[in-house]
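All chains are named by letter (A, B, ...) in the order of the sequence lines, taking the proteins before the strands, and each is independently numbered beginning at 1. The figures that follow rest on heavy atoms only: side chains count, while hydrogens, waters and symmetry mates do not.
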Amino acid sequence: MNIKALNGFKDILPGEVELWQRLEALARDIFARFNFSEIRLPILEKTDLFARAIGESTDIVEKEMYTFVDKQVTMRPEATASLLRAYIEHGLHVQKPVQRLFTIGPMFRHERPQKGRLRQFHQMDAEVLGSASPRVDAEMMAMGAMLLAELGLSVSLEMNSLGCPVCRPGFRTSLLAFLDDRHQALCDDCKRRSSTNPLRVLDCKNPKCREQVLEAPSLLEHLCADCADHLSGVQEGLEQLGVQYSLNKFMVRGLDYYTRTTFEFITGDLGAQAAVGAGGRYDGLIEQLGGPRVPGIGFALGMERLVLLLQQQEAELAASGVDLLVAGLGEQSSRYGFGLTHALRTGGMRVVMDFEGRSLKSQMKQAGKLGVPYVLILGENELVKGKAVLRNMATQEQQDILLQDEATTVQTLVTLISA
RNA sequence: GUGAAUGUAGCUCAGUUGGUGGCAGCACUUGGUUGUGGUCCAGGCGGUCGUGGGUUCGAGUCCCAUCAUUCACCCCA
């Protein structure tokens, strides 16, 4: 067969999918603790929505979107834009002044795949709309940190403030002046960035640039009074909640819409993809998209990246989602087992039975491999006497089971096995 | 979009100076005296050597192209 999945698209097979389920279950639990409601969003939106929300000149919009050009629609490259569209479209701000929403699902970006980065990838996204309180910022980071901690992952949190439309232009001007002076000392990428996206120069990985940038004007020193107040409020909140973080004045975000607080959950264990989650405040965005004039903040966690970390930071997952294996010996007994298996499943049990007519030894091997706790052996001899053998695989103890009508037998087995 | 590396069984890989693909490991499967697992032993299934050209008497091995994968850059969760 030479039809394969597309480059950058991946199947999630049994064995790995259990990890995803655990991740999702825990995330839902934690989102619920923080009173977030789920919202499910379409994957396809008007291209224009993303262009306006994310920024016309970002890499995502310029060259990474899966767009049906003739239809003017695009497969979402991130969730915030769609979520805000839904928020505005349904007037959710009227129903509740502060909305706390989360969504989980696939995103699409046409980038070159590498470790921890696929063209279809999955994010868990949480957004709070309608509150400007710095406590919300702190709470969002605390929630992300809680999820990561309960997954057993050790990940660090970095935070910065990008200012707002009042203070950012001034900072930008002085940064540009600074970069102009050092233009020759910068790497080629940064020479280009100086004009396209000067803030990006601040988090260049090139050691030469890092050195230059050490002296650069700091965002934090240019914050207006309101932004500075907000930042200290966030810091106070984080301290109160006992959230470990560090302030990184070089941290910048790739999407245009961020204001004030931005943050990243960072790991050193994923190669070049350091961020397992990132987000920030976007106070002007909702209005800019035609919605009410309300602030917002959100973050996304990359599920592939979390799964990679889970895989390398721990190993084994608990096996077997099976309660009982029914072993048939011969046609008579298999026929009986076929019916009994179905009755047991109807009764809520997870049962396996194969119909290949294999030896008892084979079937026992199978049971061992699956880690099944009990095997019901339907021997011909016992069957004529209306009996079967229930074997406890762990203790190797066996007991006779009286086979009466199916309902009673199911009842008996359910009680014995769940005991 | 740029750069580098890699493509041999379902998976992990051997394959020496080009001379018939490996009793390789894992997995799967059958058996090791009547109908009982996880270990051990023996057997079995399983390969268009990514694809297409070329060089050669002969190519898994050399050359070209192509596709795919991986890692890194750009960017990003």
Side-chain angles (χ1 to χ4, degrees), chain A residues 1-10 13 15 54 57-64 77-80 104-126 144 155 187-190 192-193 196-197 200 203-206 252-255 263-267 270-280 298-309 319 325 327-330 333 354 356 358-383 388-394 396-398:
Chain A
M1 171 144 117
N2 41 21
I3 299 179
K4 297 206 243 174
L6 291 172
N7 190 5
F9 288 70
K10 228 186 87 189
L13 301 176
I54 300 168
S57 64
T58 55
D59 278 21
I60 292 178
V61 172
E62 275 186 348
K63 49 190 197 197
E64 295 174 0
E78 57 112 47
T80 305
I104 298 176
M107 312 294 158
F108 304 84
R109 289 181 203 170
H110 190 100
E111 301 178 274
R112 194 77 155 246
Q114 67 189 72
K115 183 171 188 167
R117 180 206 282 169
L118 294 171
R119 289 183 172 173
Q120 176 179 336
F121 59 102
H122 299 78
Q123 288 186 337
M124 303 190 290
D125 218 82
V155 168
C187 71
D188 289 347
D189 279 327
C190 283
R192 175 177 54 77
R193 288 184 184 114
T196 57
N197 193 349
R200 278 260 151 232
D203 73 347
C204 180
K205 289 172 193 157
N206 186 310
V252 165
R253 310 270 52 239
L255 283 54
F263 55 95
E264 286 185 1
F265 292 100
I266 291 177
T267 173
L270 285 180
Q273 271 58 243
V276 298
F299 73 99
L301 293 159
M303 297 179 73
E304 281 69 11
R305 292 180 185 183
L306 290 173
V307 168
L308 279 172
L309 283 181
L325 182 142
L329 280 106
S333 122
D354 78 50
E356 313 312 314
R358 298 197 284 174
S359 68
L360 180 58
K361 174 176 177 158
S362 273
Q363 298 185 70
M364 294 302 288
K365 271 190 179 171
Q366 181 71 7
K369 210 155 34 191
L370 291 173
V372 176
Y374 288 91
V375 174
L376 185 71
I377 301 165
L378 300 171
E380 298 284 356
N381 297 341
E382 286 90 340
L383 213 56
V389 175
L390 182 67
R391 177 180 177 87
N392 180 323
M393 295 297 278
Q396 307 193 17
E397 287 167 340
Q398 304 195 159

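When the P atom is used for both B:G46 and B:C41, the distance is 24 Å, rounded to whole Å. When the C1' atom is used for both B:G18 and B:G54, the distance is 15 Å, rounded to whole Å. Look at the C1' atom in both B:G22 and B:C45: the space between them is 16 Å, to the nearest Å.
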- Note on the structure: Per-nt protein contacts along nucleotides 27-37 of chain B (heavy atom under 4.0 Å; B base, S backbone sugar-phosphate only, - none) come out as -SSSSB--BBB
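Atom CZ in A:Phe9 sits roughly 16 Å away from atom C1' in B:U69 (whole-Å rounding). For the pair A:Arg200 CZ and B:C76 C1', the computed distance is 8 Å after rounding to whole Å. Distance A:Glu304 CD to B:U70 P: 12 Å, rounded to the nearest Å. Atom CD in A:Gln120 sits roughly 14 Å away from atom C1' in B:A77 (whole-Å rounding). Across the protein-nucleic acid pair, A:Asp59 atom CG and B:C76 atom C1' stand 9 Å apart, rounded to whole Å. If you take CG of A:Asn7 and P of B:U70, they are 7 Å apart, rounded to a whole angstrom. Rounded to a whole Å, the CG atom of A:Leu308 is 11 Å from the P atom of B:U70. If you measure from atom CD of A:Glu64 to atom P of B:C76, you get 8 Å, rounded to the nearest angstrom.
A:Leu118 comes within 4.0 angstrom of a nucleotide base, judged by non-hydrogen atoms across all strands.
Paired regions of RNA chain B, where each region holds three or more successive Watson-Crick or G-U pairs whose two hydrogen-bonding distances fall under 3.5 Å, are B:1-7 with B:67-73, B:10-12 with B:24-26, B:28-32 with B:40-44, B:50-54 with B:62-66.
The side-chain hydrogen bond (donor to acceptor under 3.5 Å, both in side chains) test applied to A:Glu356 returns no partner, not counting sequence neighbours. For A:Gln363, the side-chain hydrogen bond (donor to acceptor under 3.5 Å, both in side chains) test picks out no residue, with sequence neighbours left out.
Contact annotation: A:Gln114 reaches the phosphate of B:A72 (side-chain N/O to OP1 or OP2, under 4.0 Å).
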Hey, what are the protein-to-nucleotides 2-6 of chain B N/O distances that come in under 3.5 Å?
unit_1: B:U2; atom_1: O4; unit_2: A:Arg112; atom_2: NH1; d: 3.1

Quick one: side chains of residues 119-126 of chain A, donor-acceptor pairs under 3.5 Å with protein atoms, not counting sequence neighbours, listed by atom name and distance.
unit_1: A:Arg119; atom_1: NE; unit_2: A:Glu111; atom_2: O; d: 2.6
unit_1: A:Arg119; atom_1: NH2; unit_2: A:Glu111; atom_2: O; d: 3.3
unit_1: A:Gln120; atom_1: NE2; unit_2: A:His122; atom_2: NE2; d: 3.4
unit_1: A:His122; atom_1: ND1; unit_2: A:Glu304; atom_2: OE2; d: 2.8

